[in-house]
2 protein chains.
Amino acid sequence: MYATQNIIDTLKGARVANGLSQRALSRRTGVPQSHVSKIENGGADIRLSSLIELARALDLDLRLIPRRAVPAVDGVMRSMTPSIAATPVVRDLNRILDVVRDLRIAYPDLGELKEIQESFQVLKTLRNVDREAEALRNTGRLIRKLQRSCRKLAGTGRGDAEQTEAVRNAAGIPSEQRHALRGAARALQDLRNKLLDAAPPLPSLPRPAYRLDDDEDG
Amino acid sequence: MYATQNIIDTLKGARVANGLSQRALSRRTGVPQSHVSKIENGGADIRLSSLIELARALDLDLRLIPRRAVPAVDGVMRSMTPSIAATPVVRDLNRILDVVRDLRIAYPDLGELKEIQESFQVLKTLRNVDREAEALRNTGRLIRKLQRSCRKLAGTGRGDAEQTEAVRNAAGIPSEQRHALRGAARALQDLRNKLLDAAPPLPSLPRPAYRLDDDEDG
DNA sequence: TATCTCGATATGTTATACTATATCTTTCTA
DNA sequence: TAGAAAGATATAGTATAACATATCGAGATA
């Protein structure tokens with residue numbers, strides 16, 4: 001229920017990046033929309049066959065990779081990604097994402113973090129993030145500030161494990177910062193939608209004219 | 001129940017290549033040996049969390065890869081694999097494996113094919129297959145011969161789908177060829193064991209001296 | 001305001017993964 | 001020939017994925 005989240009996140013990211021609604025994906029795969037929702041929210045420990053079916057519908061391939069080969073594979077993936085690979089912006093974006101992930105462990109019930117993570121996840125897959133360096137930098141600053149006060153709250157900066165164990169609710173966050181966080185989440189979502197509109201939803205689907213026929217979506 | 005087989009095969013291949021028995025893997029993961037057996041035989045549609053748990057115990061990482069990136073990733077994997085990558089022998093081996101897979105669909109109850117496939121699967125992961133080019137070539141010839149008579153039996157060489165539908169039992173195979181097949185299966189297993197003995201069981205496990213303590217195995 | 005889409009959630013049912021435990025066969029070895 | 005080890009298989013109980021269907025609130029749009 002932990003390492004699984006990576007896979008699930010990727011799945012969701014791919015769905016959104018493809019411009020598919022849960023219902024559209026449901027129609028493609030036969031999996032009920034309600035179940036898609038449950039899966040994406042971590043409410044279901046999906047089976048291998050279902051995972052593969054969903055992945056296939058999203059043009060993804062499931063692979064088991066020897067640990068030794070992981071760095072190399074990651075390198076290739078970065079250079080193949082529709083986005084800009086090693087751009088400073090993307091690098092930044094990944095760093096922020098790491099912090100967000102940590103924070104989400106410390107504050108599991110802080111919904112804004114989840115939204116922010118999801119936005120980042122999608123932004124990473126877009127080829128025109130580069131133009132929004134400024135906006136992303138701002139969010140990054142906010143996140144890091146939050147991380148600092150999280151550390152402070154956790155007491156006298158001990159090991160990571162104890163830290164995340166120490167602060168387990170959102171109550172400790174100053175309402176001022178909480179407000180800023182909320183704003184950032186909204187801003188990121190807007191940014192994401194803007195870029196999603198501007199960017200073609202990935203040129204990868206092996207289906208004819210999927211935006212023209214209304215087989216998909218509403 | 002089809003694309004899943006690839007993952008399951010990889011899992012099993014990794015277990016064997018690591019020299020782990022089903023019970024040893026069971027001890028590592030907490031999954032009962034009976035269940036490991038069921039999984040490896042396609043008798044269970046494993047859950048994501050279980051898959052990841054087993055994979056982790058075998059030093060594998062589960063990834064969703066965009067289809068566009070698959071060829072590149074495969075390339076990297078080939079060049080990273082402990083074995084010899086693009087050696088003619090390995091290429092041959094893969095070709096034979098494809099044929100075996102097809103045959104297994106045509107003759108699901110022909111156990112020898114399964115054994116042969118498994119041996120090949122392991123052989124592919126060994127770095128010293130190259131020396132056994134001759135033996136493998138012989139098996140390859142046998143397999144291809146079997147494929148030819150399979151085609152003949154299937155009637156007047158129609159499409160693949162009809163073909164596999166047409167011949168659905170092992171009865172059609174001449175006992176002479178069946179005997180040769182059995183011999184090949186045995187020979188391949190011997191070969192596999194020989195090479196497994198000669199080759200270090202993969203230098204990848206991040207555990208201290210796993211062959212010295214009897215934490216593992218019997 | 002009325003409508004539409006999207007995602008989250010609820011309920012009841014069925015299928016099956018997973019567990020614990022045990023038995024059986026085959027193969028290898030002392 | 002006896003015993004160990006590996007893998008396949010069986011039984012019974014529990015947990016839960018997956019299904020069908022329906023509803024609800026939030027946003028967007030007319």
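We use all heavy atoms of the structure for the numbers below, so side chains are in, but hydrogens, waters and symmetry mates are not. In this text the structure is predicted, and so the values were computed from the model without any measurement. Order of the sequence lines fixes the chain letters, A, B, ..., with proteins taken first and strands second; residue numbering starts at 1 for each chain.
Interatomic distance, A/L64 CG to B/M77 CE, rounded to the nearest 0.5 Å: 9.0 Å. The CD atom of A/Q22 sits 9.5 Å away from the OG atom of A/S34 when rounded to the nearest 0.5 Å.
Between B/N41 and D/dG7 there is no side-chain N or O to OP1 or OP2 distance below 4.0 Å. An OP1 or OP2 oxygen of C/dG7 is reached within less than 4.0 angstrom by no side-chain nitrogen or oxygen of A/S37. Distances shown here put a side-chain N or O of A/R15 below 4.0 Å from the OP1 or OP2 atom of C/dG7. In this structure, A/S50 reaches the D/dA18 phosphate: one of its side-chain N or O atoms is under 4.0 Å from OP1 or OP2.
Looking at residues two or more places apart in sequence or on another chain, you find no salt bridge (charged side-chain N to carboxylate O under 4.0 Å, His left out) involving A/R23. Here B/D9 pairs with nothing under the salt bridge (charged side-chain N to carboxylate O under 4.0 Å, His left out) rule; sequence neighbours left out. Under the side-chain contact (heavy atoms from CB on, under 4.5 Å) criterion, B/S50 pairs with B/I46, B/R47, sequence neighbours left out. Legend: residues meeting side-chain contact (heavy atoms from CB on, under 4.5 Å) with B/S26, ordered by chain and number and at least two apart, are B/Q33.
Atom-to-atom, CG of A/D45 to P of D/dA17 comes out at 6 Å; the value is rounded to the nearest Å. Across the protein-nucleic acid pair, B/E53 atom CD and C/dC18 atom C1' stand 11 Å apart, rounded to whole Å. When rounded to the nearest whole Å, the span between CG of B/L20 and P of D/dA6 equals 10 Å. Atom pair B/I46:CD1 and D/dA18:P shows a separation of 13 Å (rounding to whole Å applied). Rounded to whole Å, atom P of C/dT19 lies 9 Å from atom CZ of B/R47. Here the P atom of nucleotide C/dC18 and the CD atom of B/E40 are 14 Å apart, to the nearest Å. Whole-Å rounding puts the B/K12 NZ to D/dA6 P distance at 14 Å. Residue B/Q22 contributes atom CD, which lies 11 Å from atom P of D/dT9 at whole-angstrom precision.
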Listed pairs, N/O of protein and of nucleotides 20-25 of chain D, under 3.5 Å:
unit_1, atom_1, unit_2, atom_2, d
D/dT21, O4, A/S34, OG, 3.0

Please tabulate the protein-to-nucleotide N/O contacts below 3.5 Å involving nucleotides 12-14 of chain D, giving atom names and distances.
none

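Of the residues B/L48, B/I39, B/I8, the one that meets the side chain to side chain contact (heavy atoms under 4.5 Å, CB included) test with A/L48 is B/I8.
DNA chain C is contacted by both B/R186 and B/L51; B/L51 maps to the nucleotide lying nearer its 5′ end (nearest heavy atom per residue).
Between B/R63 and A/D74 a salt bridge is recorded (basic side-chain N to carboxylate O distance below 4.0 Å).
Out of D/dA8, C/dG7, D/dA6, the shortest distance to the side chain of B/S21 is found at D/dA6.
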Item to check | Residue pair A/R68, B/D59: steps toward the salt bridge (Lys or Arg N to Asp or Glu O under 4.0 Å) verdict | outcome: CA-CA 8 Å; A/R68 277 175 314 104; B/D59 229 37; over 6 Å; no
